[in-house]
Structures are given as structure tokens and as C-alpha cells.
Chemist: 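Shown below is the structure under consideration.
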Amino acid sequence: MTATESSPTSPPPAADAGSATAASPDRTPLGTARAQLATAVGLLGYDDGLHAMLATPRREITVAVPLRRDDGSTELFTGYRVQHNISRGPGKGGLRYAPSVDPDEVRALAMWMTWKCAVVELPYGGAKGGVTIDPRRYSRTELERVTRRYTSEIMPMIGPERDIMAPDIGTDQQTMAWVMDTYSVNRGYTIPAVTTGKPLEMGGSLGRATATSRGVVHSTRAALADAGLGLGEVSVAVQGFGKVGSHAARFYAEGGAKVVAVSDQDGGVHDPGGLNVPALMAHVAETGSVVGFPDADPIDNRSLLGLDVDVLVPAAVEGVLDERTALGVKARWVIEGANGPTTADGDRVLAERGVVVVPDILANAGGVVVSYFEWVQANQAYWWTEHEIEERLEQRMLSAYAAVSQAARADGLSLREAALVIGVRRVAEAHQIRGLYP
Ligand code: GLU
């Protein structure tokens, strides 16, 4: 086993932390996240020392994750957990299993969790974990062993009061059950609040599985209302048909919107007259992909981004709206269901073209909001009704949207800039009020 922990005593110099500006050619997730932070720091007028603190993960661990495969051979993976900031409370954030996972991607995702939790006023910092693995190539029993070994290796860093995990790309409620079980067995008693997004049968919350998607649709409604429109008057294209995109497409259709295109990693389908989303979900349950859905034309992921629709929802991976693809966007609203789908350059192009972007740290915060509800319920061992959860989720999403939209109008900012300013300021204020130790 190799494990390294970087110390909070050696942050990079401010010049390094601030080197990725909005004009940076760096289109990586971390380049994007740092450019966004630099913009917010500039607007807030913070000094280099505070900027460096906000740009630098508080604590990181890298672990080797050996796997005994079902055929008896062994393979080695690398896993990470990054706590970007814990000034406002314990670290909170997902666990990603994907071949793209690397330390910088996890750092970017952890930083976005910090601002996201602050924007929706959760008493959390931001964290993220990942293992560089393509989960589709491994059996369920192999994924269970990877999850349990990864959890054991990062044990010193996590806990219900330290750092709470949730699903992300490539992981699900079963993964969270294995993490929770491994943690609990090692501690000697059951500790449900160490993960969220768990199955209902063992401490999960009603409404968690669809919470991110509901939040995406709540923020869409709010953005449309700013322009005097309702869901029933718009067409929508959704990129990504996983945990976020599939339910979002369903809620859009239920709300009266015309969902004209959706895609997943294998391809997409398009029907200008509107897709039958429940039938599409049944097709995916049967075949594993939206591809081949009858009565619709095939469309690739890139062309979907340039469709002539009112609302575009990137709900897959980072960086899909870069300088070039952003130029082709015809939608008037981009609602970021994914984390970091728009690069800094893509963002500039969209702004120049008058596209309203509801940023990830606001639009997709519904998931972590209900994760917080799940953690509160687990800590109290008292469970709320689905109605209570959905009502409180909607209220939190709408009030966060209202605060961001009002700040944007008052200060002449984009919604992303306003959300970042609010999130970053809340974190910086918590840090400053607590004071610097020693
Ligand atoms: N992975 C989700 C996100 O990126 C959820 C995180 C959580 O619930 O902790 O927001």
C-alpha cells in the first residue's frame, strides 16, 4: 500500500494558485475551476494569501487499491479523496469511478462541492473522491472488493463528522452501502451518516435518487420565470441519460416541456415533435442505452449541443461546452446538470452570445441538498416523509436561485459569477471569523 497525505502547511504560492485566469488556455476541469475562483476573488477584492487558501485543497490522500479479480489474477488501481475546504463543516461530496479520474479532476470536483454547499447554505465543506477504473469492465463482486479496499485505505479521512460520501459518475446506492458497511464494521457499530445516497432499506432518504434532477428542473423553472416563461412553452435537449439526465428529462416532460433530444455515452436520439420519455426510459431499462429507440432519429452527442432548442441541459461530463461547441449553441438557456460542463472559454463565448447559463454549483445542487437531509435524518434517527423532503428541496433551490439571480442583477454579473461570489464569500467569511490557527 502507498498512501500520501499532502499537508495543509504547504500550499502553493499565491502566484501559482492565481495563474489560471479566465483567458487561460487550460481547459481541464482544474483549469476551469481555478479560473472561476480567480474571477470571484477578483470581484471580491481578496488578497493573494486568501486566494491561495481558497484555491488549495486542505487535505488530500492518494491510495493504492489492489483488486483480486474473479479469475484469481490481481490488478492495481489508484484512488483519491480530496477535502478542498472544511471551514463551514465536514467535507461533502461524491465518489467517482471512471477511467478519466486523476488527482486534478478530483481537486476540481472537490472545489466545486465547496462552493455548491455554500450556495445552498449547507453546513458542509467540499470534498470528492475517485478511483481510476472503468466500472463497466468489472463484475459486481469485483466492484464490491474495490469499494471496500478503497474505503479501508481512506478510513482515517472520512466519517460522519469529517467527510461524507455520496454517489457520482460510475457509483450508486449499492456502492454507498458497501462504503457504509466497511466503515461501520471497522468501527464496530453501524454508522449510517458516513455516506448519503444509500438504499432506502438501510438508512437512505426518500427523494434522494431523483433529487439532483428535481433541482435541475426547479432551477430551470426559476430561470424561465425570470423571462416570463413556463416549462410548457419550451423545448429541451438533455445530454446524458444517467442518474441526473434521465429523471430530469422525465420531470421536464411531466412539467409540459417538449424534450426533443437526449443522449448517453453511446449516442443519442432526436425527435423534433418531442420524445416519449417514459417509453424511452423503458427502452433504456431493456437495452442499456437510448440508442435504437424507435420513432426517433439518431444524433451524436456533439450535434445535440447545437440543436435549435430553448433549453440545453449538459448532464454528463466536464468540458463539453468549450470555445468551439459554445459557438454552435442555439439554446437561450444552458442548465448545468453536470459538474463543470462549460470551460472558462466556453463560458465567455456563451456570455457574449447572450445565453443564460444556470451554473452547476446552483443548478445541480439538489442532490447534495437531499444528501444533507439524509445525513440530518440519519443523525436524528428520524425519517421525514417524501412530501417534506420534496417541499424543503424546492424551497432551498428556489431561495438559492433567487439570491443568485438578485445578486446578478444588482451587480451586473452572470449567474455563474454571482453564484461563485456568494459561495466563495461564505467560505471566506467562515474562515476569517474562525481566525487563522495558530
Ligand atoms: N455527486 C453529487 C454532486 O456532484 C452529489 C454529492 C453529494 O450528495 O454529496 O453534487
Side-chain angles (χ1 to χ4, degrees), residues 29 32-33 80-86 88-98 100-101 105-131 158-173 175-176 179-180 192-199 203-205 207-216 218-219 240 242-245 247-248 314-318 335-341 358-378 389 393 396-397 400 419 423:
T32 301
Y80 311 93
R81 187 77 188 168
V82 172
Q83 290 169 0
H84 170 256
N85 191 288
I86 51 174
R88 302 180 72 257
K92 183 81 192 84
L95 169 64
R96 176 172 294 197
Y97 286 177
S100 66
V101 166
E105 186 191 41
V106 181
R107 287 179 184 123
L109 292 163
M111 191 191 293
W112 284 322
M113 286 307 303
T114 301
W115 317 140
K116 190 189 305 189
C117 290
V119 165
V120 286
E121 295 189 85
L122 306 183
Y124 291 139
K128 204 83 177 194
V131 178
I158 60 171
E161 280 126 25
R162 294 171 180 225
D163 183 347
I164 305 121
M165 228 181 261
D168 195 79
I169 291 172
T171 60
D172 58 16
Q173 54 173 10
T175 322
M176 291 306 111
V179 171
M180 178 276 209
V194 68
T195 65
T196 60
K198 296 182 297 296
S205 173
R208 175 62 185 86
T210 55
T212 311
S213 317
R214 278 194 196 282
V216 164
H218 289 319
S219 54
K243 291 189 283 284
V244 180
H247 297 293
V317 291
E318 300 101 63
I335 316 289
E336 295 187 332
N339 291 312
V358 183
D360 46 7
I361 58 171
L362 172 62
N364 74 30
V368 74
V369 166
V370 178
S371 275
Y372 166 60
F373 296 163
E374 180 175 334
W375 180 78
V376 168
Q377 292 170 87
I389 287 156
L393 168 63
R396 221 170 246 265
M397 290 303 299

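Both ligands and their constituent atoms are indexed starting at 1 by order of listing. Computation of the quantities below employed the complete heavy-atom set of this structure, encompassing side-chain atoms and omitting hydrogens, waters and symmetry-equivalent molecules.
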Chemist: Side chain or backbone of Met165 under 4.0 Å from ligand 1, or both, or neither, by non-hydrogen atoms?
Modeler: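 For Met165, there is no contact with ligand 1 at all, from either part.
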Chemist: Report the part of Asn339 (side chain from C-beta onward, or backbone N, CA, C, O) that has a heavy atom under 4.0 Å from ligand 1; answer both or neither where that applies.
Modeler: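 Near ligand 1, Asn339 shows its side chain, while the N, CA, C and O stay back.
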Chemist: For Gly93, counting its heavy atoms only, list the atoms of ligand 1 lying under 4.0 Å from any of them.
Modeler: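 Counting from 1, the qualifying ligand atoms are 9 (O).
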Chemist: Please work out, at 4.0 Å between heavy atoms, whether the side chain, the backbone, both, or neither of Pro167 comes within that distance of ligand 1.
Modeler: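 Pro167 to ligand 1: backbone contact only, side chain stays beyond 4.0 Å.
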Chemist: Looking only at non-hydrogen atoms, find the nearest pair between Leu393 and His218 and report the distance.
Modeler: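 Where Leu393 meets His218 most closely, the heavy atoms are CG-CD2, 4.4 Å.
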Chemist: One thing to verify: whether Lys128 and Glu105 come together as a salt bridge, which I'm taking to mean a side-chain N less than 4.0 angstrom from a carboxylate O.
Modeler: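 Between Lys128 and Glu105 there is no salt bridge, as every charged N stays at least 4.0 Å from the carboxylate O atoms.
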Chemist: Looking at Thr196, Ile86, Leu122, which one forms a side chain to side chain contact (heavy atoms under 4.5 Å, CB included) with Lys92?
Modeler: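 By the side chain to side chain contact (heavy atoms under 4.5 Å, CB included) criterion, Lys92 pairs with just one of Thr196, Ile86, Leu122: Thr196.
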Chemist: Considering only non-hydrogen protein atoms, determine which one is nearest to atom 9 (O) of ligand 1 and report residue, atom name and distance to 0.1 Å.
Modeler: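 The answer is Lys92 NZ, 2.7 Å.
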Chemist: Under a 4.0 Å threshold between the charged nitrogen and the carboxylate oxygen, would Arg96 count as salt-bridged to Glu318?
Modeler: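 Arg96 and Glu318: salt-bridged.
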Chemist: Given that the side chain starts at C-beta and the backbone is N, CA, C, O, which of these parts of Lys128 lies under 4.0 Å from ligand 1, counting heavy atoms, or is it both or neither?
Modeler: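 It is the side chain that gets close, since no backbone atom is under 4.0 Å.
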Chemist: Which of the atoms of ligand 1 are close to Val368, meaning less than 4.0 Å from one of its heavy atoms?
Modeler: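 Every atom of ligand 1 under 4.0 Å from some heavy atom of Val368: 7 (C), 8 (O), 9 (O).
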Chemist: Where is the nearest protein heavy atom to atom 8 (O) of ligand 1: which residue, which atom, and how far?
Modeler: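 Checking every protein heavy atom, the shortest distance to atom 8 (O) of ligand 1 gives Ser371 OG, 2.6 Å.
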Chemist: Can we say Arg81 and Asp163 salt-bridge, meaning some charged N sits less than 4.0 Å from an Asp/Glu carboxylate O?
Modeler: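 Asp163 and Arg81: salt-bridged.
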Chemist: Any luck finding a side-chain donor-acceptor pair between Asp168 and Thr171 under 3.5 Å?
Modeler: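 Result is no, nothing qualifies.
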Chemist: Looking at Arg396 and Glu121, does any basic side-chain N land under 4.0 Å from a carboxylate oxygen?
Modeler: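 No, no charged N to carboxylate O under 4.0 Å.
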Chemist: Between Gln377 and Phe373, is there a donor-acceptor pair closer than 3.5 Å when you use the side chain of the first and the backbone of the second?
Modeler: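 Checked: pair present.
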Chemist: Which residue and non-hydrogen atom of the protein lie closest to atom 7 (C) of ligand 1, and at what distance in Å?
Modeler: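 Answer, as residue, atom name and distance: Ala166 CB, 3.3 Å.
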Chemist: Under a 4.0 Å heavy-atom limit, does Arg208 contact ligand 1 with its side chain, its backbone, both, or neither?
Modeler: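 For Arg208, only side-chain atoms sit under 4.0 Å from ligand 1.
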Chemist: Report yes if some N/O of Lys116 lies less than 3.5 Å from some N/O of ligand 1; otherwise report no.
Modeler: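 Yes; at least one N/O pair falls below 3.5 Å.
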